[in-house]
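Taking it in order: structure first as structure tokens, then the write-up.
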Amino acid sequence: MKAIHKFYQKSWQERLAILAQSQLLSDDEIKLFQVNGHQAELFDSLIENYVTDYSLPQGLATNYVIDGHEYLIPMVTEEPSVVAASSNGAGLVKRAGGFQSHITERLMVGQVVLEKVAEPAKLKATILAQEADFLACANEAHPSIVKRGGGARFLEVRILSESEGLLSLDLAVDVQEAMGANMLNTMLEALAQKIRQELGQEVLMAILSNYAVHSLVTVTCEIEPKLLAKGELSGEEVAQKIALASHVAQLDPSRAATHNKGIMNGIDAVVLASGNDWRAIEAGAHAYASRDGQYRGLSQWNYQDGKLHGSLTLPMPVGSVGGSIGVIPLVKTNHQLLQIKDAKQLATVIVAVGLGQNLAALKALVTDGIQKGHMHLQLKTLAVKVGATQSEVTSLVAQMEKAGKRDENSARQLLAQIRESRGN
């Protein structure tokens, strides 16, 4: 294919015409782009080289009671078992009294990294002695946040490598209801300019950090064992097994990676539905899982005093305004559905979903195994793939489970038999 000259300057229809002329896509495939371009005018202004809308399913997680309030929680995900498992885990906690949350502070942090520093310790002392001036400089770069009650709160200086002359000035900012990336970067660039001009130091870069350890949210729950009984396993046995499975995720990075992926299944789905940056939340969460030098499970489950105690602490610097939140209609609708009043409340909801998701996964793992419920939903996906209508899906899934078949060819054959028996 020939190089496309200034593709970003073309209109949406011109881009589709170029794709059609390239013969990379068929006419039907181009029509699929056109049909799914529901918000072409809006999305063309959000990203470069826009060609179509890419849709993912959105469902609602139920049963979430957090700090005494019950929520319907929108989740955007393509993985079949996520919403069902999340609602199931939340239902167990609901019967035990619900989730409790705790937030100590909500600050975003950014870095100005200095290079070729001859005397790092001396420069560190110099900057710290002028902290008030640096905070004032940051606030002058974004006065509107100060008027809303936010602004720069403190700074820290870390020597990253004395031998290489690398030093980081870390600025903590109260960004109020926004996630605050653009706001923080504006402040950091003002500090970088001040450092160049007044201290004569070279700045390597100025950028926010997604390791938001000053925006930690903790969610906890307590569950009576009788709520966990499964088949021949008593509730106490299940509780002890969940606690042991959690302990394994603290010891073994191989298990921790999958343990945490399950937590993020729920968290990413809500972050995406709320219009926040799920990639930033993912990065911060996994960095936090490695904070002591070993990658560990993010949640903690312990069986003591006759109850199963669950806890999850995560950096959660999400916003309730700004970015796509105020632009994409469905995001605004999701915020209305959540009935949240501020960013802190949204953060607690998201972390609670992570803990509920984790409980459901661990309970399934130590009792029936993860595949029983998961594969039922996978079979529904397979049924749709082979062409089953909505009225045929339930029958086809039942036939596949009865026959012990999970492959596409068998699904097609069974669907044909169902249609033949109905005279279709």
Side-chain angles (χ1 to χ4, degrees), residues 58-77 81-104 106 215-230 235-236 238-239 242-243 246 259 262-274 276 281 285 298-316 318 320 333-364 367 373:
Q58 174 172 306
L60 294 178
T62 59
N63 300 321
Y64 274 93
V65 176
I66 308 162
D67 298 325
H69 300 284
E70 187 155 2
Y71 294 87
L72 279 175
I73 302 178
M75 302 179 72
V76 174
T77 180
S81 60
V82 168
V83 179
S86 189
S87 300
N88 180 268
L92 290 172
V93 179
K94 179 181 180 180
R95 292 196 290 276
F99 298 94
Q100 301 298 317
S101 71
H102 177 67
I103 300 177
T104 55
R106 184 179 181 274
S215 291
L216 295 178
V217 177
T218 298
V219 170
T220 61
C221 64
E222 292 183 352
I223 303 172
E224 295 180 5
K226 65 181 181 181
L227 298 173
L228 300 169
K230 185 73 174 180
E236 183 175 342
V238 174
I242 288 173
S246 172
H259 179 97
I263 291 171
M264 301 312 291
N265 273 345
I267 286 176
D268 286 351
V270 185
V271 173
L272 187 55
S274 72
N276 278 276
I281 299 303
L298 287 163
S299 66
Q300 299 269 5
W301 293 92
N302 299 291
Y303 183 61
Q304 57 189 29
D305 302 325
K307 289 186 178 181
L308 180 66
H309 300 262
S311 178
L312 176 61
T313 298
L314 279 176
M316 195 52 59
V318 292
S320 63
T333 301
N334 286 342
H335 279 249
Q336 176 64 28
L337 186 62
L338 275 165
Q339 293 288 291
I340 55 167
K341 66 179 185 296
D342 56 31
K344 286 184 177 180
Q345 189 178 7
L346 175 59
T348 62
V349 167
I350 293 170
V351 177
V353 170
L355 191 58
Q357 200 83 42
N358 185 233
L359 173 61
L362 292 178
K363 183 173 183 285
T367 55

Nearest atoms (heavy-atom pairs only) where [X] meets [Y]:
X      : Y      : answer
Val217 : Ala347 : CG2-CB, 3.8 Å
Ala343 : Ser320 : N-OG, 3.7 Å
Lys341 : Gln345 : N-OE1, 2.7 Å
Phe99  : Cys221 : CD2-CB, 4.1 Å

I'd like to check [X] versus [Y] (side-chain heavy atoms, cut-off strictly below 4.5 Å). Are they in contact?
X      : Y      : value
Gln357 : Ser86  : yes
Ile267 : Ile281 : yes
Leu359 : Trp301 : yes
Tyr64  : Val353 : yes
Leu72  : Thr62  : yes

Point-to-point distance, once rounded to the nearest 0.5 Å, from [atom1] of [X] to [atom2] of [Y]:
X      : Y      : atom1 : atom2 : value
Leu60  : Ile73  : CG    : CD1   : 9.5 Å
Lys363 : Leu308 : NZ    : CG    : 11.5 Å
Thr348 : Asp67  : OG1   : CG    : 6.0 Å
Gln100 : Thr218 : CD    : OG1   : 12.5 Å
Leu337 : Thr333 : CG    : OG1   : 8.5 Å
Ile66  : Ile350 : CD1   : CD1   : 10.0 Å

Can you list the residues that meet the salt bridge (charged side-chain N to carboxylate O under 4.0 Å, His left out) rule with Glu224, with sequence neighbours excluded?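 For Glu224, the residues satisfying salt bridge (charged side-chain N to carboxylate O under 4.0 Å, His left out) (neighbours in sequence not counted) are Lys226.
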Salt bridge (charged side-chain N to carboxylate O under 4.0 Å, His left out) involving Lys94 - partner list, sequence neighbours excluded: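 Applying salt bridge (charged side-chain N to carboxylate O under 4.0 Å, His left out) to Lys94 gives Glu70.
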Just jot down the side chain to side chain contact (heavy atoms under 4.5 Å, CB included) partners of [X], sequence neighbours excluded, or say none.
X      : value
Val83  : Met75, Thr77, Ser87
Ala285 : Met264, Leu298, Leu314
Ser274 : Asn276, His335, Leu346

Apply side-chain contact (heavy atoms from CB on, under 4.5 Å) to Leu362 and His259, showing your working. CA-CA 8 Å; Leu362 292 178; His259 179 97; 4.0 Å; yes
Does the side-chain contact (heavy atoms from CB on, under 4.5 Å) test come out yes or no for Asn358 and Leu312, once each step is laid out? CA-CA 10 Å; Asn358 185 233; Leu312 176 61; over 6 Å; no
What's the verdict on side-chain contact (heavy atoms from CB on, under 4.5 Å) for His102 and Thr220, showing C-alpha distance, side-chain angles and the deciding distance? CA-CA 9 Å; His102 177 67; Thr220 61; over 6 Å; no
Under the salt bridge (charged side-chain N to carboxylate O under 4.0 Å, His left out) definition, can you give me all pairs with a residue in residues 300-315, not counting sequence neighbours?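 Every salt bridge (charged side-chain N to carboxylate O under 4.0 Å, His left out) pair that includes a residue of residues 300-315, provided the two are not neighbours, is Glu222-Lys307.
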